[in-house]
Asker: 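The structure follows.
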Amino acid sequence: MTQPSETPGQRSANHDSAASHDPVQVLTDRFRAAILAAYPQTARPDGTGPDPVIAVAKQQEFGDFQCNAAMALAKKVGENPRKVASAIVARVAPMVADIAEPLTEASIAGPGFINIRLRSDALGGLLASMDTPALGVALAAQPERIVVDLCGVNLAKAMHVGHLRSTVIPDAIARTLTRLGHTVLRQSHLGDWGVNIAMVTGRIMRERAAGRLDLASVKLRDLEKIYKAAQAECERDMAGLEAVRKYGLGPKAEAELEEQVAGATEAFTAARKTLVDLQSREPETYAVWKRIYDVTMAACLETCRRLHADVTDEYTAGESTYADELGPLVEDLLARGIAEASDGAVVVRVEGVEVPCLIRKRDGGFLYATTDLAAIRRRVQKLGASRVIYGVDARQSLHFQQVFGAAKKAGYATVHAGPLAGNLARLEHAAFGTILGQDGRPFKTRSGESVSLTDLLDESVDRAKIAVAEREKKRERELPEAELARIAEVVGIAAIKYADLSNNRALDYVFDFDRMLASEGNTGPYLLYALVRVQSIFRTAEERGLMPAGGQAGLAKAALAIRAPAEKALALQLLRYPGVLQQVSETLEPHRLCQYLYDLASAYSAFYDQCPVLAAENAEDRASRLRLCDLVGRVLADGLGVLGIPVLQRM
Ligand code: ARG
């Protein structure tokens, strides 16, 4: 079978770096082209030149940037590195004349470094061109339809700490992709079907029949208790019995255990029967299930709303919505020889993945993987996605390797319509690590239960309230209670969210309230304060009559004069913004945006210390610096918006 090729997004053809404002990117593009022209034999497989290795200069006296490619190139082409450098300079000089001071033999240093100094007006010019409502962020040249799988809670269970990650990480990824002009379809793959769900449903029906439960007033907490009880009933040493059978520990051990698990087997049989009732939409069973569904969803959507994660009913497509497709799907795969029978069960073998993907059990039951195969088929072939991104725990990575491999083999991942028809959709697992407690082990309550997400959010907001109140007291001010509560909610949620997003998602991290709520360092509160500080300069400027005509909007007319080192450093940070969003959209790593915003806030802080703004020497400098402040404020607010963190006007 010939495999369709991957979609063009993979080649990152989407990135129109020609329009970049970032001098590092501009220089990289132009040096790359110059090197290719001088040494065509160094072309990469895609026809572009080699990486010119452009770096920000460590010592400003030699220039702003360096091209460090000559040394490695010299080895490849068998020439002296200084000679290579001078060949590059000859080609590139006219290509960069608009932004760099003239490049000459004198620009070459040591073994072949090329020093580049930007023209004094270059940064101002680049900044002015990025000063648009879109902040220089260009929309994708080829917008895609992208499904982002997020949240994915399970019925009859409250959201726990792990759902923080499965909600905020993919939400931030979705926001980034939307910001870049893609069409994003969010899908919460709710765990609302299968024998486990049938188990709770059945048990709840029995509790109700016995008059121990009122469905109309039932809370998620009650459902969760019943879930646990039902599970315990079903699990009673089933694993032990399986082990005894597997290792053949003899009829005596087996008989003993069998007796013990008899109750469990009975519970299992009952659950299977309930599942059949659910499957056939038996009215009473279905009504109870629907009530469990509604109670779970109401709590989930409320938490998502509080987290500012865009998850709604409309974006929820639970496992139940695929239930009727699973039987025919397995038959389809068997008929086409994609799947095979194995020991009474049905599996799909995937090249390069050792464990085959189990899609139907011996007892005829379907699995998590079967549903995910149906989901890929719907997402790619019905919803028209050319990229599907899963923000799911790293512990599920084998599952996704199996399912992605099986879907490709089955043709379910092949795009049907549109300009990308015939191509394989990109299926990506944006895997995340585990949140750890202070003891370095997965974060649990003292009694070993999973930590409720609502409790965590409440505690964060409570702590933020104390911190904000203290801050106010130090300044001899007092906020009205309602205002304090409003600010605390924003700061507390921002702290938790930002802490999660700012860690490399692939890694585990230790949950630490003190650290995430700190008003200094790479934290949510720090960035919120930084933005408020930037904004406050405009209020002061107004009050003192120092704003140019037209107020903040009128600043767009001010000429940008970027001279002082701290101004340059700040300008370079600002210009990186569009490129950082692009990087996040490719790597699916929101922590890169967090780090960027923190670096920007730090560069601003250094600029503010070193370059008087309102006390600038003349009106031109003041206007130029105010315009820089304005850009910083807009980039910070935009970036926090992309992370899904609302900002405050005052704190
Ligand atoms: N409900 C699943 C769990 O709790 C997460 C769903 C993730 N998405 C998916 N398409 N498998 O583990």
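Any value given below was found using the heavy atoms of this structure, including those in side chains, with hydrogens, waters and symmetry copies removed. Each ligand, and each atom within it, is numbered from 1 in the order the structure gives.
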Asker: Salt bridge check, Glu282 against Lys273: does any charged N sit closer than 4.0 Å to a carboxylate O?
Answerer: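 Looking at Lys273 and Glu282, the cut-off is not met.
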Asker: Quick check on contacts: which atoms of ligand 1 are under 4.0 angstrom from a heavy atom of Phe400?
Answerer: 11 (N)
Asker: Under 3.5 Å, is there a donor-acceptor pair linking the side chains of Asp277 and Thr274?
Answerer: no
Asker: Within the 4.0 Å heavy-atom shell around Tyr390, which atoms of ligand 1 are there?
Answerer: 10 (N)
Asker: So, regarding Asp149 and ligand 1 (criterion: nitrogen or oxygen to nitrogen or oxygen, under 3.5 Å), is there a contact or not?
Answerer: yes
Asker: Parallel, tilted or perpendicular: which one describes the rings of Tyr368 and His399, with boundaries at 30° and 60°?
Answerer: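 Tyr368 and His399: parallel rings.
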Asker: With only distance considered, is Leu190 within less than 3.5 Å of ligand 1 through an N or O on each side?
Answerer: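 Min N/O separation from ligand 1 is not below 3.5 Å for Leu190.
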Asker: Is the distance between the ring centroids of Tyr390 and Phe432 under 6.0 Å?
Answerer: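 Ring-ring flag for Tyr390/Phe432: false, centres at least 6.0 Å apart.
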Asker: Heavy-atom count around Arg362 CZ within 6.0 Å, excluding the residue itself: above 12?
Answerer: no
Asker: If you measure every N/O of Gln396 against every N/O of ligand 1, is any gap under 3.5 Å?
Answerer: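 N/O-N/O distance below 3.5 Å exists for this pair.
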Asker: Ignoring angles and geometry beyond distance, decide whether Asp372 reaches within less than 3.5 Å of ligand 1 through its nitrogen or oxygen atoms.
Answerer: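 Yes, there is a polar N/O contact under 3.5 Å.
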Asker: Mind telling me whether Tyr293 and Trp289 have parallel, tilted or perpendicular rings, with 30° and 60° as the class edges?
Answerer: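 Tilted.
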Asker: So for ligand 1, is Arg379 a polar contact partner (N or O within less than 3.5 Å, distance only)?
Answerer: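 Not met; the criterion fails.
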Asker: How does Asn154 reach ligand 1, if at all, at less than 4.0 Å between non-hydrogen atoms: by side chain, backbone, both, or neither?
Answerer: side chain
Asker: Looking at atom 6 (C) of ligand 1, what's its closest protein heavy atom, distance included?
Answerer: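 Going atom by atom, the protein heavy atom closest to atom 6 (C) of ligand 1 ends up being Tyr368 OH, 3.4 Å.
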Asker: Are any non-hydrogen side-chain atoms of Met159 and Cys304 less than 4.5 angstrom apart?
Answerer: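 A side-chain contact exists here, since the closest heavy-atom pair is under 4.5 Å.
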Asker: Go through ligand 1 atom by atom and flag the ones less than 4.0 Å from a non-hydrogen atom of Val392.
Answerer: 7 (C), 8 (N)
